[in-house]
Amino acid sequence: MARRRPGTSRRGGDRRERLDRPMLWGRVFAAAVASTYVLSLAAHGLGADGVLATLAVGGKVVFLLGLVGLLVWRALLTRDDRAAWLCFAGAVAAYSVGAAGYEVASRSGPVVARPAWFDAGFITFYALLGGALLLLLRSRVRRLSAGAWLDGVVTGLTAAAFAAAFALGDSLHDAGSTLVIAYPIADLLVLVLIAGALAVIGGGAGGSWWWLTGGAAVFVLTDTVYAYQVVHGSYAVGGPLDAGWGVAFLCFGMAACQYPRIGVGSRRDGIRALIVPGVCALAALVLLLQGNARPGDLLAGVLAFGAVLAALTRTALTFREVQALADSRRQARTDELTGLPNRRSVFEALDAAGERLAAGESVAVLVLDLDRFKEINDSLGHVVGDALLRQVGPRLGGQLREGDLLARLGGDEFVVLAFDVGIEDATRLAERLRAQLRRPFAVGGMDLGVDASVGVAVGPGHSGDPAELMQLADLAMYSAKADRAGVAVYEEVRDGHGRHRLEDVAQLRRALVRGELVLHYQPKLALPTGVIDGVEALVRWQHPTRGLLYPDAFIELAESAGLMAELTRQVLDMSLAQRRAWADQGRDLTMAVNVSPSNLVDEDFPDEVAAVLARHGQPADRLVLEVTESLLMEDRERAVRVLGRLREAGVGVAIDDYGTGYSSLAYLAALPVTELKLDRTFVAALTGSPRAESIVTSTLQLAHALGLVLVAEGAEDQDTVDALAGLGCDLVQGYHLSRPLPPDQLWSWLDARTAVRS
């Protein structure tokens, strides 16, 4: 199996593998085309006229046309950058026309009059080349910030300034207004564009851009020497200088044979973004300081001045970005209504307080909740309530020391972090804060009086964990509110249950992640046939320290903590996987699973059930979801919709513990159910109570009249089973038949029962 390169996606890896062979052949073709150009130079060196000269010109034409073909091939190979490479091919084709025209004109005499018609080909080359580079840049960076544009401008102008100073100075001075000097200047513009693009794209620009950079640099150097030789009358067609253009075009061809890379590389932000423009600005300043009045150096000076100006603009922009970032961070840590630090600031301060607690320094957490604040909002409106909350900060802040933190957690709840105070000092501080709040607040021409309940926890005595200190102070606050005590310090005896509950929730959350839930299965006996028709999946928690826990130890906890939906999903997945395993071994059992309230109000639950059934390849009619009567009454309308969709999919629905909730013929007729599970209370009393027998009998008749299956749970002895069979009950389950068993033990139990019956 082919392995992906680290850090690449499967899609990107597959595309790279698909392009391996074409890219290899592209490089071979580029080398072959380049060889024709080398041979053409050799032919020209052997003879300036005649057949060899014709072969030389032909070799150059083949070279350029081959390069055009290579660029067109690259454009057709992938959709990425297609327009850019077609534009690139057009540029080389235009250059080919100009080069051919120059070759023809140079044979009519030693001096070629310029400008000439073929110069249009060269000018078109530069125009299309610039367009191709811009298209390549656009495909790599869909949207550029002002800072990115300025980085490109600074880098490009600096590169052009150095090229003008060290390569073009003498040529510009000697050439005057000669047209040939326009070409090295055009090369400078191309170099500006490429250098700027590299600065914009950032790290990982890719091989194509580096080959383009090399080709542009060679072009600048070659055109500069060409301009110098033309000015001094030393240029000869077919000389060694022509190899420079060939190398430049070869670099362009190699750029087309690199793997396409789309996306921006790593970019710096903040102060680090100033590194590139800062270095370029310093280099440009050096050029300005050593400049003189010669024409070549004047151009370099203008370019350098532009680079410095762009760098200064970039610096100002970065300063504004940093300032805006700081303001954004401040706002993210500030409560919008009161201007106090918000919950995020509190937890950041708690994290910082961890080191103080570890060093033994005391940290007090006070949680304040305004009493009867809801009455103010309800009677006077939220505008008045908000105005009162805005006065709380200034009122309480006067009682705190520098370094203490007052923040709003949300609603009418505030928190204070006080350092280097013990329990007594923290309690006195809480009383002072309450006293400040009991003073009337002037709001809208009214004097409003409020009170507060304050919970106090002090570490490291109560806890060495700052986040847990917050939880303990919150528990103490609820105790103060319940007892109307005003201030309460955390006490393990009084508040420990809440603390342990928080710990239990965290452990249950981890159990769901770690797969600590297990299922036991209780069989259901079909009384008419005497065979085991199905099982009910019952969840257990294999606790790492407390052993096997039954549902009554954690189901209510999962409900209150919002974990029941995830728990039900896991039970569904495990139970259907187990049913699939049993079916593969020849036992086709109906699987019953209990459903939580959070599932029945979830409109997506039927789709989730369908997905689990499909994942395990199980038929919907072999799954029964059990719901309680009280659960159905919580949101009857939505429950009917969800259950209706489940029934349409073929999933069975059973009403569990029937007879103990809100039993009603009206809802029973409306609900799309398939089974009634009669509560064990009636089943256990069946043989000793005529009334219980009457209830079971009437319920059985009702179920059959509605076309429903009746399941009796809680059968503890054979007499009860016989009585149920005599009444015509459909299914029975209970300890007399079997307790809930793990999968392997249930399999052995089924084998043993089959052996006895046979």
Side-chain angles (χ1 to χ4, degrees), residues 329-351 353 364-400 404-418 426 429-444 446-457 466-490 495 498-499 501-502 505 559-562:
R329 289 180 176 176
R330 180 189 61 79
Q331 292 180 7
R333 289 161 176 79
T334 302
D335 177 62
E336 184 177 0
L337 176 64
T338 63
L340 296 173
N342 61 9
R343 180 182 293 270
R344 176 180 293 182
S345 295
V346 172
F347 284 100
E348 289 178 354
L350 286 172
D351 290 340
V365 179
L366 288 72
V367 175
L368 300 86
D369 187 85
L370 303 185
D371 294 336
R372 298 183 299 278
F373 181 75
K374 186 176 183 298
E375 298 176 8
I376 296 177
N377 272 337
D378 292 343
S379 59
L380 301 177
H382 288 279
V383 174
V384 174
D386 290 348
L388 188 150
L389 290 175
R390 282 192 288 268
Q391 297 184 40
V392 170
R395 183 77 63 88
L396 298 182
Q399 301 299 314
L400 303 178
D404 294 341
L405 175 68
L406 170 64
R408 183 189 180 205
L409 289 178
D412 60 345
E413 197 170 44
F414 298 82
V415 65
V416 171
L417 268 63
L429 173 60
E431 293 289 1
R432 293 199 304 271
L433 295 177
R434 283 190 67 226
Q436 290 296 318
L437 291 174
R438 287 197 297 269
R439 290 169 45 208
F441 288 87
V443 180
M446 298 176 292
D447 288 338
L448 299 178
V450 296
D451 203 345
S453 298
V454 186
V456 180
E468 189 176 30
L469 274 180
M470 171 76 79
Q471 297 173 351
L472 302 185
D474 201 44
L475 292 172
M477 183 272 293
Y478 282 110
S479 294
K481 189 175 288 289
D483 299 338
R484 297 186 178 181
V487 176
V489 179
Y490 174 80
D495 307 316
R499 178 183 187 180
R501 185 179 181 83
L502 294 173
V505 169
E559 290 276 16
S560 62

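Because the structure is predicted, anything quoted here is derived from the model rather than measured.
Considering all non-hydrogen atoms of both residues, Ala452 and Leu437 come closest at CB-CD1, 3.5 Å. Ala349 and Leu405 make their closest contact through CB-CD2, 3.7 Å (heavy atoms, listed as atom of the first residue, atom of the second, distance). Across Pro341 and Ala407, no two heavy atoms sit closer than the pair O-CB, 3.1 Å. For the pair Ser453 and Asp371, the tightest heavy-atom approach, listed with the atom from each and the gap, is OG-OD1, 3.0 Å. In plain terms, the two heavy atoms of Ala473 and Ala457 that are nearest each other are N-CB, 3.7 Å. Among all heavy-atom pairs drawn from Leu368 and Leu366, the shortest one is CD1-O, 3.7 Å.
Put simply, the side chain of Asn342 gets close to the backbone of Ser345: a donor and an acceptor are under 3.5 Å apart. With hydrogens and angles ignored, the 3.5 Å screen pairs a side-chain donor or acceptor of Arg395 with a backbone N or O of Arg439.
In this view, Phe347 and Arg343, Leu350 satisfy the side chain to side chain contact (heavy atoms under 4.5 Å, CB included) rule, not counting sequence neighbours. Legend: residues meeting salt bridge (charged side-chain N to carboxylate O under 4.0 Å, His left out) with Asp369, ordered by chain and number and at least two apart, are Lys481. In terms of the salt bridge (charged side-chain N to carboxylate O under 4.0 Å, His left out) criterion, residue partners of Asp404 (sequence neighbours excluded) are, by chain and number, Arg401. Every residue meeting the salt bridge (charged side-chain N to carboxylate O under 4.0 Å, His left out) condition with Arg438, not counting sequence neighbours, appears here in chain and number order: Asp451. Residues meeting the side chain to side chain contact (heavy atoms under 4.5 Å, CB included) test with Glu431, sequence neighbours left out: Arg434, Val487.
Atom CZ of residue Phe441 and atom CZ of residue Arg390 lie 13.0 Å apart, to the nearest 0.5 angstrom.
Residue Tyr478 places its OH atom among 12 or fewer non-hydrogen atoms of other residues, nucleotides or ligands, all under 6.0 Å distant.
Contact check for Leu380 versus Val443: no side-chain heavy atoms found under the 4.5 Å cut-off. The shortest side-chain heavy-atom distance between Leu389 and Phe414 falls under the 4.5 Å cut-off. Side chains of Val416 and Leu396 form no contact here, defined as non-hydrogen atoms less than 4.5 Å apart. Looking only at side-chain heavy atoms (C-beta outward), Asp474 and Met477 come within less than 4.5 Å of each other. Side-chain contact between Val454 and Leu433 is absent, with no heavy atoms from C-beta onward closer than 4.5 Å.
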Handout entry: Chi angles and distances behind the side-chain contact (heavy atoms from CB on, under 4.5 Å) call for Leu370, Leu388
Key = CA-CA 11 Å; Leu370 303 185; Leu388 188 150; 4.2 Å; yes
Practice task
Quick one: do Val346 and Leu409 satisfy side-chain contact (heavy atoms from CB on, under 4.5 Å)? Show the steps, please.
Solution key: CA-CA 8 Å; Val346 172; Leu409 289 178; 4.2 Å; yes
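Identified under the side-chain hydrogen bond (donor to acceptor under 3.5 Å, both in side chains) test for residues 405-417, with sequence neighbours left out: Asp335-Arg408.
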